[in-house]
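In what follows, a structure is listed as structure tokens, so that the remarks can point back to it.
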Amino acid sequence: QVQLVESGGGPVQAGGSLRLSCAASGYTYSSNCMGWFRQAPGKEREGVAAIYTGGGSTYYADSVKGRFTISQDNAKNTVYLQMNSLKPEDTAMYYCAADWDTSYGGSWRTPLAPVYNYWGQGTQVTVSS
């Protein structure tokens with residue numbers, strides 16, 4: 001049974017930093033993408049960052065480029081999201097996802113599309129101004 005457990009969220013002031021962690025178990029942690037997504041109240045879930053665990057290629061939403069960094073620790077089956085220079089608009093529930101579904105085409109064929117087979121429960125990030 002695949003489990004993804006996120007941690008590291010919480011309240012932070014604008015300009016501050018947080019590091020989210022996603023520990024994966026029961027999952028073949030290789031040669032696929034894992035991603036971080038977020039969803040604010042009343043908004044659609046959006047891709048924030050993704051990493052190809054087989055080679056380390058990374059993908060970022062334009063809104064977080066230069067501020068967020070996704071990384072992995074293969075020995076711990078864990079993916080991280082380092083978030084710097086946080087803004088109030090970064091406030092959302094952040095979700096970890098694994099096993100990117102490559103059967104989708106067109107605009108869905110990107111690791112930043114929410115087409116993953118496994119999802120964590122989420123961790124809340126609240127940025128105050």
Side-chain angles (χ1 to χ4, degrees):
Q1 183 178 356
V2 176
Q3 279 194 319
L4 303 175
V5 180
E6 303 101 331
S7 61
V12 63
Q13 289 192 328
S17 299
L18 284 175
R19 189 176 82 152
L20 305 184
S21 300
C22 172
S25 61
Y27 172 66
T28 303
Y29 187 85
S30 64
S31 301
N32 202 311
C33 284
M34 291 186 68
W36 283 98
F37 292 77
R38 66 186 182 188
Q39 189 166 19
K43 294 188 176 181
E44 294 185 351
R45 188 168 297 191
E46 64 168 341
V48 174
I51 186 166
Y52 177 62
T53 57
S57 297
T58 56
Y59 311 83
Y60 295 96
D62 288 343
S63 58
V64 305
K65 281 181 182 175
R67 300 189 298 124
F68 290 11
T69 302
I70 189 170
S71 62
Q72 60 181 349
D73 184 333
N74 290 349
K76 296 182 179 180
N77 281 8
T78 299
V79 172
Y80 304 96
L81 184 68
Q82 178 67 44
M83 306 186 294
N84 298 329
S85 301
L86 283 161
K87 304 175 181 180
E89 51 263 44
D90 294 318
T91 295
M93 185 71 79
Y94 282 70
Y95 298 91
C96 175
D99 195 19
W100 176 39
D101 190 336
T102 58
S103 67
Y104 288 79
S107 61
W108 290 93
R109 192 169 177 80
T110 163
L112 295 180
V115 290
Y116 285 70
N117 291 314
Y118 303 107
W119 293 86
Q121 294 299 306
T123 185
Q124 178 68 37
V125 172
T126 303
V127 185
S128 59
S129 57

side-chain contact (heavy atoms from CB on, under 4.5 Å) between Lys65 and Tyr60: does it pass, once the steps are laid out?
-> CA-CA 6 Å; Lys65 281 181 182 175; Tyr60 295 96; 3.6 Å; yes

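In this structure, the side chains of Leu81 and Arg19 stay at 4.5 Å or more apart for every pair of heavy atoms. A heavy-atom distance below 4.5 Å is not found between the side chains of Arg45 and Arg38. Within the 4.5 Å cutoff, the side chain of Thr69 has no heavy atoms near those of the Tyr80 side chain. A heavy-atom distance below 4.5 Å is found between the side chains of Trp36 and Cys22. The shortest distance between side-chain heavy atoms of Glu89 and Thr91 does not fall below 4.5 Å. Between Met34 and Leu4, the closest side-chain pair of non-hydrogen atoms falls below 4.5 Å. Thr126 is not listed as a side-chain neighbour of Val12, based on a closest heavy-atom distance of 4.5 Å or more. Counting heavy atoms from C-beta on, the side chains of Leu86 and Asn84 never come closer than 4.5 Å.
Legend: residues meeting ring pair (Phe, Tyr, Trp, His ring centres under 6.0 Å) with Phe37, ordered by chain and number and at least two apart, are Tyr116, Trp119.
In terms of heavy-atom proximity, Tyr52 sits nearest to Cys33 at CA-SG, 4.0 Å. The nearest pair of heavy atoms linking Ser129 to Ala14 is CA-CB, 4.2 Å.
Counting heavy-atom neighbours within 6.0 Å of Gln121 CD, excluding the residue itself, gives a total of 12 or less.
In this structure, Ser128 OG and Gln13 CD are separated by 5.0 Å, a value rounded to the nearest 0.5 Å. To the nearest 0.5 Å, atoms CG (Leu112) and OG (Ser107) are separated by 12.0 Å. Between the OG1 atom in Thr58 and the CD1 atom in Ile70 there is a gap of 8.0 Å [rounded to 0.5 Å]. In this structure, CD in Gln72 is found 6.0 Å from OG1 in Thr53, a value given to the nearest 0.5 Å. Rounding to the nearest 0.5 Å places CG of Asp99 at 5.5 Å from OH of Tyr118. Between the CD1 atom of Ile51 and the OG atom of Ser57 there is a distance of 8.5 Å, given to the nearest 0.5 Å.
Remark: the backbone N or O of Ser25 is not paired with any side-chain donor or acceptor of Gln3 at under 3.5 angstrom. Put simply, the side chain of Asp101 never gets that close to the backbone of Val115: no donor and acceptor are under 3.5 Å apart. Between the Thr78 side chain and the Lys76 main chain, a donor and an acceptor come within less than 3.5 Å of each other.
The residue from Gln39, Glu6, Met83 that alone fulfils the side chain to side chain contact (heavy atoms under 4.5 Å, CB included) condition with Tyr94 is Met83.
A chain of hydrophobic side-chain contacts below 4.5 Å, direct or via other Ile, Leu, Val, Met, Phe, Trp or Tyr residues, connects Trp100 to Trp108.
Between Asp90 and Lys87, none of the side-chain N atoms (NZ, or NE/NH1/NH2) sits under 4.0 Å from a carboxylate O, so this pair counts as no salt bridge.
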